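The structure appears right after this line, and notes come after that.
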Amino acid sequence: MAGCSENKQDHAVRLRRIEGQFRGLQRMVDEDKYCIDILTQVSAATSALKSFCLSLLEEHLAHCVAEAAQKGGPEAEAKVKEASDAIARLVRS
């Protein structure tokens with residue numbers, strides 16, 4: 001199974017909530033809210049997005065990588081490399 005089908009609905013709900021946070025940020029800028037208040041909300045939205053990323057990564061490791069590891073061979077190596085690259089991107093961000 002490709003993607004995150006098992007938790008698709010949960011992921012959609014979380015992403016809509018995050019989207020709302022970013023729309024709120026735009027509204028705050030449009031309304032000339034105090035910069036520190038905007039920065040506080042940026043921090044909250046960033047944390048929510050990072051939490052979502054970690055949840056997806058955990059799901060990927062538990063399902064896609066674990067399944068490939070059981071099969072072994074080049075597919076397992078590719079999935080581990082793919083996960084490692086994703087972790088590196090998250091660490092850099």
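From a predicted model like this one, the values you see are computed outputs, not experimental measurements.
Residues passing the side-chain contact (heavy atoms from CB on, under 4.5 Å) test with Arg16, sequence neighbours excluded: Gln9, Ala12, Val13, Glu19. Glu58 pairs by the salt bridge (Lys or Arg N to Asp or Glu O under 4.0 Å) definition with nothing, not counting sequence neighbours. Contacts of Glu82 classified as salt bridge (Lys or Arg N to Asp or Glu O under 4.0 Å), with partners at least two apart in sequence or in another chain: Lys79. With sequence neighbours left out, the salt bridge (Lys or Arg N to Asp or Glu O under 4.0 Å) criterion links Lys50 to no other residue. Every residue two or more places apart in sequence or in another chain that forms a side-chain hydrogen bond (donor to acceptor under 3.5 Å, both in side chains) with Gln26 is listed here: Asp30. Under the rule for a ring pair (Phe, Tyr, Trp, His ring centres under 6.0 Å), Phe22 has no partner lying at least two apart in sequence or in another chain.
Under the 4.5 Å side-chain heavy-atom criterion for grouping Ile, Leu, Val, Met, Phe, Trp and Tyr, Leu90 is connected to Leu61 within one hydrophobic cluster. Leu25 and Leu39 end up in different hydrophobic clusters when Ile, Leu, Val, Met, Phe, Trp and Tyr side chains are linked at under 4.5 Å. The hydrophobic cluster containing Val80 also contains Leu57, counting ILVMFWY residues as joined when their side-chain heavy atoms lie under 4.5 angstrom apart, directly or transitively. Follow the hydrophobic side-chain contacts under 4.5 Å out from Tyr34 and you never reach Val29; the two are in separate clusters. Put simply, Leu56 and Val65 are part of two different groups of oily side chains (I, L, V, M, F, W, Y) that touch within less than 4.5 Å, one to the next.
A salt bridge does not link Lys81 to Glu77: none of the charged side-chain nitrogens sits closer than 4.0 Å to a carboxylate oxygen.
Atom OG of residue Ser47 and atom CD1 of residue Ile18 lie 10.0 Å apart, to the nearest 0.5 angstrom. If you take CD1 on Ile38 and CE on Met28, they are separated by 5.0 Å, rounding to the nearest 0.5 Å. Here Phe52 contributes atom CZ and Leu15 contributes atom CG; the two are 3.5 Å apart, rounded to the nearest 0.5 Å. Put simply, CD on Glu75 and SG on Cys64 are 9.5 Å apart, with the number rounded to the nearest 0.5 Å. Here NE2 of His60 is found 13.5 Å from SG of Cys53. Values are rounded to the nearest 0.5 Å. The CD atom of Glu67 lies 4.5 Å from the NZ atom of Lys71; values are rounded to the nearest 0.5 Å.
A side-chain donor-acceptor contact under 3.5 Å links Thr40 to the backbone of Ile36.
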Subject >> Residues Lys33, Gln41; criterion side-chain contact (heavy atoms from CB on, under 4.5 Å); working and verdict >> reply: CA-CA 11 Å; Lys33 297 292 183 182; Gln41 291 306 312; over 6 Å; no

**OP:** Quick one: do Asp10 and Arg14 satisfy salt bridge (Lys or Arg N to Asp or Glu O under 4.0 Å)? Show the steps, please.
**Re:** CA-CA 6 Å; Asp10 293 338; Arg14 287 181 80 177; over 6 Å; no

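Taking all atoms of both residues into account, the shortest heavy-atom contact from Ala69 to Ala76 is CA-CB, 3.9 Å. Residues Gln21 and Ala48 share a closest heavy-atom pair of OE1-CB, 3.4 Å.
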